[in-house]
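To keep things clear, I will list the structure first and then write my remarks on it.
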Protein chains: 2
Amino acid sequence: MARPKNKKVENVKPVRDAEATQAVILMSAEEEFAQHGFTAARTETIAAKTGVAKSMIYYYFKDKEGLYREVLKRSHADLIQTLQKLELEHLSPDTALEIFLRALLDCVSRNPKLPTIMFHEAVQNQGKYYQHSDSVSIDTTLIKILEQGVTAGVFRQLDPFQSAINVMGTCLFYFIGAGNIQQFPQDKRLLSKAMLEQHTHEAISLILAGVRQV
Amino acid sequence: MARPKNKKVENVKPVRDAEATQAVILMSAEEEFAQHGFTAARTETIAAKTGVAKSMIYYYFKDKEGLYREVLKRSHADLIQTLQKLELEHLSPDTALEIFLRALLDCVSRNPKLPTIMFHEAVQNQGKYYQHSDSVSIDTTLIKILEQGVTAGVFRQLDPFQSAINVMGTCLFYFIGAGNIQQFPQDKRLLSKAMLEQHTHEAISLILAGVRQV
DNA sequence: GTCTATACGAGGATAGAC
DNA sequence: GTCTATCCTCGTATAGAC
């Protein structure tokens, strides 16, 4: 059976599309790093899931660390940007908090791997691949909101620093446990659209009720 | 300067105390596994921090996995036991919740490495080293308390399952971030006694206020 | 029980053909 | 740009002396 000439129907692999190749590597790498962290991640596993040769990783990203840095950068980009353009200054603390939380939860719902990536980076590498701007500034924003709420009297007497951490925990821990608890029947997977929306709602309710002055 | 005879002051190492050797290995291993998880942990690093030879790990624990299992078991023992003997059945849901939370936070404050060990196990290994009894039962207890509180009307309308996860997050996330955020001046280390007590207080306050019916 | 030395496999990285 | 084949370091695990 003859094929149309000038068309490689069989042997689809050598597409020679640089962008596409990088994209699949990055996607596979994000998954691997999210589950295992930098050290325990295997370049071979990353390559295997893409279909492209392992050496492509080194061609495009120099080495494992280069790939890791790129994954870290891209994973955080969306979150950083979203939170930066929030304009919370002129809002009341409780509205600001709700908007902040909704934005945060939207981001991580879109990219559920982000919390585990952050976690591995924080625990394993003590955050050494983070620029001082990144996740630090996230917490700073939240601390400020809480501080203003306390002084304004709309939030109860809480420690802004400690509470900021706990609030983040309420939002993000869900995604850390997700991998472990997801062996559930039906459409109760923790990362299904319905469950993610519910988590967003539940987390925001819990936090707002938790900080409010009674 | 002569030393008392029959006393090895110099060359302290060959003590030949089996229990002591195992103990130092386990302590060092717990630290290493807490930071890096099973795969990324290095037996050489574990041994180096103890002063005993690397081969002692294999002598006492067969292999890296055997050591890991033992660390896992011991780390969880305290928590499992403490929560099992709580007797929460005859208490009102809000009192039960507070007691449960205080017990949980006491345990993890005594052993701050536990949350990161759990985390690594959940994310990296998808909980495969867990028996079905362990951390699952922790959450089950919490879910039951929340359910009873909702039906009794003392808690607001919340989803017990989702809220249980979020409550755990409020308590435990602190310890996950601790390694990363601890570069703080003075006695503001996140794992200092004062800060741990404050965290216990802040977390309980946030949760109780967050679930209560208004 | 403890150590040193070493075997062996896994995994990161490179060379060179196509 | 992509692949295959190979190198070599690092890390687990064992052998054997003390």
Side-chain angles (χ1 to χ4, degrees), chain A residues 6-72 120 124-125 129, chain B residues 8-72 120 124-125 129:
Chain A
N6 292 334
K7 268 227 166 187
K8 302 197 215 157
V9 173
E10 180 177 53
N11 198 8
V12 186
K13 208 53 56 54
V15 184
R16 282 171 186 270
D17 180 339
E19 301 227 346
T21 302
Q22 290 180 55
V24 289
I25 291 176
L26 282 168
M27 207 174 313
S28 175
E30 185 183 35
E31 202 177 318
E32 177 76 1
F33 285 131
Q35 183 172 357
H36 294 103
F38 175 70
T39 310
R42 298 293 169 237
T43 55
E44 185 147 11
T45 308
I46 293 171
K49 275 187 289 198
T50 64
V52 306
K54 187 172 47 163
S55 52
M56 287 295 92
I57 290 174
Y58 300 91
Y59 179 74
Y60 283 115
F61 303 98
K62 184 175 183 243
D63 56 10
K64 188 183 174 184
E65 186 176 327
L67 178 57
Y68 181 65
R69 286 184 189 278
E70 190 62 28
V71 167
L72 224 53
H120 273 123
Q124 256 200 340
N125 309 325
Y129 290 107
Chain B
K8 302 195 220 161
V9 174
E10 181 177 53
N11 196 9
V12 186
K13 207 52 55 54
V15 185
R16 281 171 185 269
D17 180 340
E19 301 227 346
T21 304
Q22 290 179 55
V24 289
I25 291 176
L26 282 167
M27 208 176 311
S28 175
E30 184 182 36
E31 202 177 319
E32 177 76 0
F33 285 131
Q35 183 172 357
H36 293 103
F38 175 69
T39 311
R42 297 293 171 239
T43 55
E44 184 148 11
T45 309
I46 293 171
K49 277 187 290 198
T50 65
V52 307
K54 189 170 45 164
S55 51
M56 287 295 94
I57 291 174
Y58 301 92
Y59 179 75
Y60 283 115
F61 303 98
K62 184 174 184 241
D63 56 11
K64 188 183 174 185
E65 186 176 327
L67 178 57
Y68 181 65
R69 287 184 189 279
E70 191 62 28
V71 167
L72 225 52
H120 272 123
Q124 258 201 335
N125 309 326
Y129 290 106

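Only a predicted model underlies this, so the values are computations on that prediction, with no experimental measurement involved. Every chain is numbered from 1, with letters handed out A, B, ... down the list of sequences.
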Please tell me if B:Ser55 has a side-chain N or O lying less than 4.0 Å from either OP1 or OP2 of C:dT4. no

Applying side-chain contact (heavy atoms from CB on, under 4.5 Å), can you list everything that pairs with A:Ala29, at least two apart in sequence or on another chain? A:Phe33, A:Ile46, A:Leu67, A:Val71

C:dC3 phosphate, OP1 or OP2: any side-chain N/O from B:Tyr59 under 4.0 angstrom? no

Using a 4.0 Å heavy-atom cut-off across all strands, classify A:Ala18 as base, sugar-phosphate, or nothing. sugar-phosphate

Do the non-hydrogen side-chain atoms of B:Tyr68 and B:Asn125 ever get within less than 4.5 Å of each other? yes

Rounding to 10°, can you tell me the angle the first-five-pair axis of the helix from C:dG1-D:dC18 to C:dC18-D:dG1 makes with its last-five-pair axis? 0°

Rounded to whole Å, CD of A:Glu19 lies from P of D:dG1 at a distance of 10 Å

For nucleotides 10-13 of chain C, print each protein N/O atom paired with a nucleotide N/O atom at under 3.5 Å, atom names and distance only.
{"unit_1": "C:dG11", "atom_1": "OP1", "unit_2": "A:Arg42", "atom_2": "NE", "d": "3.3"}
{"unit_1": "C:dG12", "atom_1": "OP1", "unit_2": "A:Ala41", "atom_2": "O", "d": "3.1"}
{"unit_1": "C:dG12", "atom_1": "OP1", "unit_2": "A:Lys64", "atom_2": "NZ", "d": "3.2"}
{"unit_1": "C:dG12", "atom_1": "OP2", "unit_2": "A:Thr43", "atom_2": "N", "d": "3.1"}
{"unit_1": "C:dG12", "atom_1": "OP2", "unit_2": "A:Thr43", "atom_2": "OG1", "d": "2.6"}
{"unit_1": "C:dA13", "atom_1": "OP2", "unit_2": "A:Lys64", "atom_2": "N", "d": "2.9"}
{"unit_1": "C:dA13", "atom_1": "N6", "unit_2": "A:Lys54", "atom_2": "NZ", "d": "3.2"}

Heavy-atom check, side chain of A:Tyr129 versus side chain of A:Phe38, under 4.5 Å: yes

Rounded off to whole Å, could you give me the CE-to-C1' distance for the B:Met56 and C:dG1 pair? 6 Å

Could you state the atom-to-atom distance from CD1 of B:Ile46 to P of D:dA13 in whole Å? 11 Å

Across all chains, not counting sequence neighbours, the side-chain contact (heavy atoms from CB on, under 4.5 Å) partners of B:Ala40 are A:Thr39, A:Ala40, A:Gln124, B:His36

Can you check the A:Ile57 CD1 to D:dC3 P distance for me, whole Å? 12 Å

Only counting residues at least two apart or in another chain, list the ones meeting side chain to side chain donor-acceptor pair (under 3.5 Å) with A:Glu65. A:Arg69

Under the rule for ring pair (Phe, Tyr, Trp, His ring centres under 6.0 Å), what residues qualify as partners of A:Tyr58, not counting sequence neighbours? none

Using side-chain contact (heavy atoms from CB on, under 4.5 Å) as the criterion, list what pairs up with A:Ala18, not counting sequence neighbours. A:Gln22, A:Tyr60

side-chain contact (heavy atoms from CB on, under 4.5 Å) filter on A:Lys49, not counting sequence neighbours, yields A:Ser28, A:Glu31, A:Glu32, A:Thr45

State which residues pass salt bridge (Lys or Arg N to Asp or Glu O under 4.0 Å) with B:Glu70; sequence neighbours excluded, sorted by chain then number. B:Lys73, B:Arg74

A:Arg16 CZ to D:dC3 P, in whole Å, measures 9 Å

